[in-house]
Amino acid sequence: MYDTIIIGAGPAGLTAAVYAGRYRLQSKAIEKMIPGGQIILSETIENFPGFPGGIKTDELIARCTKQVAEVGVPIENDEVVSIAEAKDEAGYRFVIKTRSNEFTTKTIIVATGAWSKRLGVPNEDALIGKGVSYCGTCDGPFFRNKEVVLVGGGDRAIEDALYLTSYCSKVTVVHRRRELRASKILQEKAFANEKIVFVWDSVIEKINGQARVSGVTVKNVKSGARSEIACSGVFIFVGIKPNTDFIKNLVKLDEAGFIITGHDMSTSAAGIFACGDCRHKSLYQVVNACGDGAVAADSAHKFILESPR
């Protein structure tokens, strides 16, 4: 039986694994794809402390993975399909079933992250990391003195549009409606910013470019007219979806599907903790995902020490 099983091996899960290993918990991380999570979509990360000038994302994840191995926590490539609370006399708290195996564990740390919703237009997937981005805070500095297009009208979209003006010469916001959904104070700031222009009642039909983004094809949803906008980058903010469907019957989620946690990363189910982008919070960045992971592992350790079983 494991002390804890970490589901997911992005920055939050990898950090949780490092701390679990240092606490000498019998633990394992399960990742259905490859370690790294959403951040692997960005070529470089510049806002992670300790790396002035930035660090290649694959190098950062490789270092984290090596650190996990050094503390003796294996990362298994598999997908969790179900979790059930155990009621047997042996005192097992949870049974985790994957596509190829079954494990029993005292605690669970959910670090499954979230994924940015796609526009689903031609060239979008092919140009991710080559001008297509889903995080202005992460990638804005790469577009210094360049023109970019941003899609979306909610708080996060307009917050990032304002952030991007610190680097970009022009930010064109394409929105399918005539009004933004962002808070009034953000709208006021955006409308007052000379670097931000709006293209209303419009959607992107195609992202242009081969090796890198060169522009977008825009369609007006009312007139049907099409136009081309030249740009070096496209920032897409049409929502994010947490990877929490597999656990929605065990823990409380908010309306968007994010796991609700306490300050100690505890969920509504005793023994289950959540960290990183799968939980409800105000900032979705690598640096605080790592902090979440450390807290979750610490809380799991304390839970085990205090548990009568």
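Please read all numbers here as calculations on a predicted model, not as lab measurements.
For residues 253-266, the pairs satisfying side chain to side chain donor-acceptor pair (under 3.5 Å) are Asp254-His280, Thr261-Arg279, Asp264-Ser266, with sequence neighbours left out. Sorted by first and then second residue, the side chain to side chain donor-acceptor pair (under 3.5 Å) pairs with a member in residues 53-81 read Lys28-Glu76, Glu43-Lys56, Glu59-Arg63, Asp78-Thr98, Asp78-Ser100, Glu79-Arg99; sequence neighbours excluded. Residues in residues 179-233 take part in these ring-ring contact (aromatic ring centres under 6.0 Å, His included) pairs, two or more places apart or across chains: Phe191-Phe198, Phe198-Trp200. The disulfide (SG to SG under 2.5 Å) pairs that include a residue from residues 97-204 are Cys135-Cys138, where partners are two or more places apart or lie in different chains. Within the structure, the salt bridge (Lys or Arg N to Asp or Glu O under 4.0 Å) test picks out no pair touching residues 178-191 (sequence neighbours left out). Screening residues 4-74 for disulfide (SG to SG under 2.5 Å), with sequence neighbours left out, gives no hits.
Considering only residues two or more places apart in sequence or on other chains, Thr15 meets the side-chain contact (heavy atoms from CB on, under 4.5 Å) condition with Tyr19, Cys290, Ala294. Residues passing the salt bridge (charged side-chain N to carboxylate O under 4.0 Å, His left out) test with Arg118, sequence neighbours excluded: Asp125.
Grouping Ile, Leu, Val, Met, Phe, Trp and Tyr residues whose side-chain heavy atoms lie under 4.5 Å apart, directly or via other members, places Tyr167 in a hydrophobic cluster with Tyr163. Under the 4.5 angstrom side-chain criterion for Ile, Leu, Val, Met, Phe, Trp and Tyr, Val197 has no cluster partners at all. Think of Phe258 as one node in a network of Ile, Leu, Val, Met, Phe, Trp and Tyr side chains linked at under 4.5 Å; its network also takes in Ile240, Tyr284.
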May I have the list of side-chain donor-acceptor pairs in residues 139-152 shorter than 3.5 Å, sequence neighbours left out?
residue	atom	partner	partner atom	Å
Asp139	OD1	Ser42	OG	3.4
Asp139	OD2	Ser42	OG	3.3
Asp139	OD2	Ser133	OG	2.6

